[in-house]
> 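Following this message is one structure expressed as structure tokens.
Keep in mind the model is a prediction, meaning the values are calculated, not measured.
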Amino acid sequence: MGKKDKVSETPATALLRQHGVAFTEHPYEYLEHGGAQHSAQVLGMDPFSVVKTLIMQDQDAKPLVVLMHGNCKVSTKNLARQVGLKSIEPCSPEVANRHSGYLVGGTSPFATRRQMPVFVEETILALPRICINGGRRGYLVGIDPQVCVQLLGALPVNCALAE
């Protein structure tokens, strides 16, 4: 890795290092509203293994985190039913930024400002490796998906919809 590819520490990477998690760094040119599909394309990765971090809220406006494949959407109905809530919807970007401490487009599930329950699409856990946001726009980290369960207590759910 050349000097210019070195990315400065984020709260997410600091947490991963603190827990001795091995990860690879994947900086890329951020594109507003490009999402996981864009990052997968520019990094030459399968969008199925690029995981997006979504900040959502329940019917009482309590925040939660959903980890989903880059080429899928979340069935909020299925998710709410599986976790015993009346309804779940995405937070507005401003609210999501406030809950996570990250900017939308650079949201990592690691070292969020608020402790929130984390749900992970169960098929993500079957992948050998995933790329997930490292806490900055234009920056993914490659990790073993089991880290999401070990460090975040992520609960597996089945709520993916093809995009």
> Testing the basics here: between Cys148 and Phe110, what is the closest heavy-atom pair and its distance to 0.1 Å?
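Closest approach of Cys148 to Phe110, heavy atoms only: SG-CZ, 4.4 Å.
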> Would the number of heavy atoms belonging to other residues, nucleotides or ligands and lying under 6.0 Å from CD of Gln18 be above 12?
yes
> Please examine the side chains of Pro63 and Arg114, heavy atoms only from C-beta on, and report whether any two atoms are closer than 4.5 Å.
yes
> Distance alone, cut at 3.5 Å: any donor-acceptor contact between the side chains of His99 and Thr112?
no
> If only atom types and distance count, is the side chain of Gln37 paired as donor or acceptor with the main-chain N or O of Pro47 below 3.5 Å?
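Between the backbone of Pro47 and the side chain of Gln37 there is no qualifying donor-acceptor contact (under 3.5 Å).
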> Any chance you could measure Gln57, atom CD, to Leu85, atom CG, to the nearest 0.5 Å?
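Taking CD in Gln57 and CG in Leu85, the distance rounds to 11.5 Å.
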> Please tell me whether Leu15 and Val149 are part of a single hydrophobic cluster in this structure, the criterion being side-chain heavy atoms less than 4.5 Å apart.
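Same cluster.
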> Which heavy atom of Ser108 sits nearest to which heavy atom of Asn133, and what is that distance?
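Heavy-atom minimum between the residues: OG-O, 3.0 Å.
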> From Met68 CE over to Phe119 CZ, what is the distance, rounded to the nearest 0.5 angstrom?
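Met68 CE to Phe119 CZ: 12.0 Å, rounded to 0.5 Å.
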> Is there side-chain contact between Leu155 and Pro117, with at least one heavy-atom pair below 4.5 Å?
no
> Please check this pair: side chain of Asp60 against backbone of Lys62, looking for a donor-acceptor N/O pair closer than 3.5 Å.
no
> Arg129 and Phe23: which non-hydrogen atoms are nearest, and at how many Å?
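Taking every non-hydrogen atom into account, NH2-CA, 4.2 Å.
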> Taking side chain as C-beta onward, heavy atoms only, is Leu67 less than 4.5 Å from Thr53?
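Yes, at least one pair of side-chain atoms sits under 4.5 Å.
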> Nearest 0.5 Å, please: how far is CD in Glu94 from CG in Asn97?
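Between atom CG of Asn97 and atom CD of Glu94 there are 7.0 Å.
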> Looking at Pro128 and Pro145, what are the two nearest heavy atoms and their distance?
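Distance-wise, the nearest heavy atoms are O-CD, 3.7 Å.
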> What's the separation between atom NZ in Lys52 and atom CG in Leu140, rounded to the nearest 0.5 Å?
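One gets 13.0 Å once the value is rounded to the nearest 0.5 Å.
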> More than 12 non-hydrogen atoms from neighbouring residues, nucleotides or ligands closer than 6.0 Å to CD on Glu32, yes or no?
yes
> Is the backbone of Asp58 close enough, under 3.5 Å, to the side chain of Glu89 for a donor and an acceptor to pair up by distance?
no
> I'd like to check Met45 versus His26 (side-chain heavy atoms, cut-off strictly below 4.5 Å). Are they in contact?
yes
> Treat each ILVMFWY residue as a node, draw an edge where side-chain heavy atoms are under 4.5 Å apart, and state whether Ile124 and Val157 are in one component.
no
> Which atoms form the tightest heavy-atom contact between Ala40 and Asp46, and what is the distance?
CB-C, 4.3 Å
> Do Val120 and Ile143 sit in the same hydrophobic cluster, where Ile, Leu, Val, Met, Phe, Trp and Tyr count as joined when their side-chain heavy atoms come under 4.5 Å apart?
yes
> Do Ile130 and Val147 land in one hydrophobic cluster if side-chain heavy atoms of ILVMFWY residues count as linked below 4.5 Å?
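Hydrophobic grouping puts Ile130 with Val147.
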> Decide side chain to side chain contact (heavy atoms under 4.5 Å, CB included) for Glu9 and Arg17; before the verdict, give the C-alpha distance in whole Å, the side-chain angles of both, and the deciding distance to 0.1 Å.
CA-CA 10 Å; Glu9 194 86 294; Arg17 285 186 214 289; 2.9 Å; yes
> Checking Leu151 against Leu16 for the side chain to side chain contact (heavy atoms under 4.5 Å, CB included) test, could you report, in this order, the C-alpha distance in whole Å, the side-chain angles of both residues, the deciding distance, and whether it holds?
CA-CA 9 Å; Leu151 282 190; Leu16 293 173; 3.9 Å; yes
> Using 0.5 Å steps for rounding, measure from the OH atom of Tyr139 to the SG atom of Cys131.
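So the gap between those two atoms works out to 10.5 Å.
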> Strictly by modelled atom types, are Ser8 and Arg136 linked by a side-chain donor-acceptor pair under 3.5 Å?
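Indeed, the side chains of Ser8 and Arg136 share at least one donor-acceptor pair under 3.5 Å.
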> Are Tyr28 and Ile132 connected, step by step, through hydrophobic side chains (Ile, Leu, Val, Met, Phe, Trp, Tyr) whose heavy atoms are closer than 4.5 Å?
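In one cluster: no.
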> Does a side-chain heavy-atom distance below 4.5 Å link Val118 with Val66?
no
> Of all the heavy-atom pairs spanning Pro11 and Ala111, show the shortest one and how long it is.
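Shortest heavy-atom contact: O-CB, 3.4 Å.
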> Output, in order, the C-alpha distance, side-chain angles, deciding distance and verdict of side chain to side chain contact (heavy atoms under 4.5 Å, CB included) for Ile55 and Val104.
CA-CA 9 Å; Ile55 308 295; Val104 167; over 6 Å; no
> Calculate, to the nearest 0.5 Å, the distance between atoms SG and CG belonging to Cys159 and Leu79 respectively.
4.5 Å
> For Ser100 and Arg113, what are the C-alpha separation, side-chain angles and deciding distance, and is it a side chain to side chain contact (heavy atoms under 4.5 Å, CB included)?
CA-CA 5 Å; Ser100 71; Arg113 178 177 290 152; over 6 Å; no
